[in-house]
Amino acid sequence: MSSQLELRLPDGSIRQVASGTTVRQVAADIGPGLAKAAVAGELEGTVVEIDRPLESSGSFRILTARDGDALHVLRHSAAHLLAMAVLDLFPGSDLGFGPATEDGFYYDFKTPTPILEEHLEKIEKRMKEIVKEGRSYARVALDKEQAKVRLGEIGYELKIPHVDEIPEDEITFYDSGSFTDMCEGPHVPDTSWIEHIKLLSVSGAYWRGDASGIPMQRIRGTAFFNKKDLKAHLERIEQAKLRDHRRVGREMDLFSLHAEGPGFPFWHPKGTVLWNELEGLVREELRARGYGEVRTPAVLSDELWRTSGHYDHFRDDMYFMDIDERQFAVKPMNCPGCCLIYGSRPHSYKELPLRMAEFGGVHRNEMSGVLHGLLRVRAFTQDDAHVYCAEDQLEAEISDMLDMTRKVYAAVGFDDIKTRLATRPEDAMGDPAAWERSEKALASALDKNGFEGLWTLAPGEGAFYGPKIEVHVTDALGRSWQCGTVQVDFSMPARFGLEYTGSDGMKHTPVMIHRAILGSMERFVGILIEHYGGKFPLWLAPVQAKVLSITEKQADYATKVAADLVAARIRAEADVRGDKVGSKIRDATLERVNYMVVVGGREAEAGQVDVRSRAGDRLGAMSSEDFVAHAREEIRNRA
RNA sequence: GCUGGAGUAGCUCAGUGGUAGAGCACCUCCUUGGUAAGGAGGAGGUCGCGGGUUCAAUCCCCGCCUCCAGCUCCA
């Protein structure tokens with residue numbers, strides 16, 4: 001075992017080391033500073049812990065606290081640390097899974113007595129004690145039989161059956177003092193690295209997510225290499241709470257939810273402004289891109305849903321009712337209705353692509369436990385469209401849809417867009433060659449719309465009736481939301497017997513594309529509320545300007561100015577209460593009004609207004625007309 | 001749906017086996033004040049809904065409803 005290994009470092013240099021050299025030794029060899037900063041190594045893309053003897057050559061780098069992968073290692077180690085503390089405080093507990101996640105870690109426990117929120121502090125304290133002990137993470141490799149015996153001895157009953165599901169022959173354990181866990185690793189050198197931790201919640205979970213299986217409790221937390229990052233993360237969580245659309249929606253009187261209609265949002269006048277502005281934005285694009293807008297009924301007969309296939313695939317999520325002894329359903333999707341429109345008369349190839357858009361309200365009976373404000377509802381409105389075209393028109397159509405998506409998202413302030421191409425699943429319907437052609441068309445459309453090299457492939461995740469593109473946006477807090485979707489459909493036109501007459505005089509079946517840009521109006525407004533924290537750009541803002549009188553002597557003038565603004569299509573209100581202007585400024589700021597138009601004796605005398613922005617900038621005295629011009633310009637630019 | 005938690009004034013929340021309180025918001029009055037909180041007073045609650053225990057229930061028990069957090073990002 002004394003053969004030489006060749007490690008190719010990130011700078012391109014080759015380092016010769018003896019087989020069995022540890023990551024720590026390599027780091028020390030490169031420099032003492034690196035040795036101190038080293039968290040783990042990465043050999044051929046696989047992260048290995050610091051005291052692991054290297055046994056093969058390849059590309060190699062040392063991970064330090066600055067690497068994202070190192071953070072993952074830290075958090076996985078933090079999950080172990082959590083388990084150590086829980087086993088100390090709740091002896092006899094069994095362990096489930098305890099992975100690192102995108103922004104922290106969790107561990108599932110089956111404890112003899114329930115873990116309550118109030119225990120978290122104690123558990124965290126115990127964790128910090130173990131941090132001080134600097135327990136190492138010692139790797140032990142066993143074969144499967146030995147592993148099962150070992151798990152049995154420690155009393156980790158849940159993990160025993162899991163051993164046989166692991167593809168590798170070698171099962172590894174990590175020992176930290178008296179604690180041990182079956183784990184793939186890797187880990188940080190010792191627990192002293194995990195100083196900056198915070199436990200966030202305890203909640204229910206099931207062993208392997210099976211709701212009929214063993215109930216467990218999940219403790220979630222997060223960990224960082226330094227105090228600053230942890231603090232920033234906790235502040236982000238606080239920020240997110242302040243921006244929660246349910247809270248902002250109530251504060252700004254945008255919408256409400258009631259026990260009388262769980263999952264069915266009520267839109268108030270100010271929330272409806274947001275809705276209408278978004279619809280207007282989308283309509284502008286529809287007009288420019290040759291779409292016709294349609295409306296289809298909310299309630300349609302059962303037979304339609306059997307024809308479309310929704311009855312078979314979607315029945316449990318649909319609302320049914322009997323009318324005149326026939327069964328009807330509330331539409332869960334708009335496409336079948338649109339297909340009836342297409343089928344209502346014959347079509348020529350010269351009409352294709354035929355584009356029909358619909359702001360279509362749909363109802364789906366989502367499980368009660370998943371409802372969440374506007375983000376997960378039972379009634380929502382899709383900015384839907386269905387395009388019927390020939391197969392060779394697919395790419396150009398999809399290209400236009402992606403262009404529209406980019407344009408609409410940019411207008412609402414989303415520039416960071418991610419896309420995924422979901423391809424043929426196992427239970428796919430239709431001709432595999434057609435699938436392949438349309439997947440190529442989707443990929444090509446992505447490349448030609450500035451997504452080249454930026455979209456990711458999701459093999460096998462397409463719908464059974466065709467491949468699709470998912471569009472995700474990243475909001476101001478860095479969270480990603482799936483909104484838009486483009487789906488090719490080989491199935492539904494045939495189910496409805498839709499056809500067009502080709503140039504050859506023969507009947508052909510069109511391909512159908514389903515697409516939504518915003519996805520759900522409800523959900524998109526919810527996302528926008530959180531993205532802006534309620535501080536909307538002027539064109540979207542429910543109240544664009546508030547006219548504030550300084551004393552009650554200007555009440556009439558303030559009311560008139562507000563009326564003038566409204567006449568000039570500015571959404572304005574007047575505040576003529578007997579409070580001091582400072583108080584009114586404060587209220588208007590909390591209401592997130594974009595402009596405060598202050599009118600006192602001076603302004604009333606001169607027929608002017610004194611304008612202040614939401615951020616507190618003084619634009620100074622000007623005529624109402626000048627303010628209107630200024631505001632209209634800002635609205636036009638959707639700035 | 002499942003597990004755990006919660007439901008008291010418009011909002012944020014105290015509170016008690018003997019039919020309820022604060023702050024903010026709201027209304028009135030005083031003040032007429034120039035860019036993030038002037039002062040005083042008043043009004044406002046079937047204590048989520050339905051049962052039960054009790055002389056008495058907002059409080060204890062049971063059921064229901066709604067909301068909140070979570071429910072396979074693998075050892």
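Being a predicted model, the structure only gives us computed values, none of them experimental. Each chain gets a letter, A, B and so on, in the order its sequence line appears, and its residues count up from 1.
Across all strands, Ala100(A) comes closer than 4.0 Å only to sugar-phosphate atoms, never to a base (heavy-atom distances). Nucleic acid contact for Glu603(A): base, since at least one base atom lies under 4.0 Å from a heavy atom of the residue. Across all strands, Gly600(A) comes closer than 4.0 Å to base atoms (heavy-atom distances). When heavy atoms are screened at a 4.0 angstrom cut-off, Lys553(A) is found touching the sugar-phosphate backbone but no base atom. Among the protein residues, Val163(A) comes within range of no part of the nucleic acid, since none of its heavy atoms lies under 4.0 Å from any strand. At a threshold of 4.0 angstrom between heavy atoms, the contacts of Arg577(A) are confined to the sugar-phosphate backbone, with no base atom among them. Within the 4.0 angstrom heavy-atom criterion, base atoms lie near Arg612(A).
Comparing U53(B) with G44(B), their C1' atoms are spaced 33 Å from each other, to the whole Å. The separation of A25(B) from U16(B), taken at their C1' atoms, amounts to 27 Å, rounded to a whole angstrom. When the P atom is used for both C74(B) and A37(B), the distance is 50 Å, rounded to whole Å. Taking atom C1' on both C68(B) and A56(B), the two are 34 Å apart, rounded to the nearest angstrom. For the P atoms, the distance from G21(B) to A43(B) is 13 Å, rounded to whole Å. Across G48(B) and U54(B), the matching C1' atoms stand 23 Å from one another, rounded to whole Å. As rounded to the nearest Å, A57(B) and U19(B) have C1' atoms that lie 9 Å from one another. A gap of 24 Å separates the C1' atoms of A9(B) and G5(B), to the nearest Å.
You'll find that the side chain of Arg246(A) is closest to C68(B), out of C68(B), U66(B), C26(B). Of the listed nucleotides (G33(B), A36(B), C67(B)), G33(B) has the atom at the smallest distance from the side chain of Lys580(A). Among C73(B), U66(B), C74(B), the nucleotide with an atom closest to any side-chain atom of Tyr106(A) is C73(B). Closest contact between the side chain of Val598(A) and the listed nucleotides G34(B), A75(B), C71(B) involves G34(B). With A75(B), G70(B), A36(B) as the choices, the nucleotide that has an atom nearest any side-chain atom of Arg220(A) turns out to be G70(B). Nearest to the side chain of Ile171(A), among A36(B), U32(B), A75(B), sits A75(B). Nearest to the side chain of Glu102(A), among A36(B), C73(B), A69(B), sits C73(B). Checking U72(B), A75(B), U12(B) against every side-chain atom of Arg250(A), the shortest atom distance belongs to U12(B). Closest to the side chain of Ser583(A), out of G38(B), U32(B), A69(B), is G38(B). Proximity note for Ile550(A) (side chain, C-beta onward) versus G33(B), C73(B), A75(B): the nearest is G33(B).
Regarding contacts with the backbone of G34(B), every side-chain N or O of Arg602(A) stays at 4.0 angstrom or more from both OP1 and OP2. Between A69(B) and His372(A), a contact under 4.0 Å exists linking OP1 or OP2 to a side-chain N or O.
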Secondary-structure notation, RNA chain B, from Watson-Crick and G-U pairs under 3.5 angstrom (| other strand): (((((((..((((....[..)))).(((((.......))))).....(((((..]....))))))))))))....
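Using a 4.0 Å cut-off between charged side-chain N and carboxylate O, Asp564(A) and Lys560(A) make a salt bridge. A salt bridge between Arg243(A) and Asp475(A) is absent, with no side-chain N of the basic residue lying under 4.0 Å from a carboxylate O of the acidic one. Residues Lys110(A) and Glu157(A) are not paired through a salt bridge, judged by the lack of any N-O separation under 4.0 Å between the basic side chain and the carboxylate.
Between His310(A) and Phe314(A), the ring planes lie perpendicular to each other; the angle is over 60°, past the 30° to 60° tilted range. Ring geometry for Trp267(A) against Phe255(A) counts as tilted: the plane angle lies between 30° and 60°, on a 0 to 90° scale.
His187(A) and Glu49(A) are not linked by any side-chain donor-acceptor pair at a separation below 3.5 angstrom, with hydrogens and angles left out of the test. For the residue pair Gln554(A) / Thr551(A), a side-chain donor-acceptor distance below 3.5 Å is found, with atom types taken as modelled.
Side-chain N/O atoms of Glu552(A) and base N/O atoms of G33(B) include no donor-acceptor pair closer than 3.5 Å.
Proximity of Ile570(A) to Tyr595(A): side-chain heavy atoms (C-beta onward) are nowhere separated by under 4.5 Å.
Along RNA chain B, the nucleotide closest to Gly369(A) and the one closest to Gly616(A) are compared, and the more 5′ of them pairs with Gly369(A). When each of Thr551(A) and Pro215(A) is assigned the nucleotide of RNA chain B bearing its nearest heavy atom, the one mapping closer to the 5' terminus is Pro215(A).
At least one donor-acceptor pair closer than 3.5 Å links the side chain of Thr423(A) to the backbone N or O of Gly460(A).
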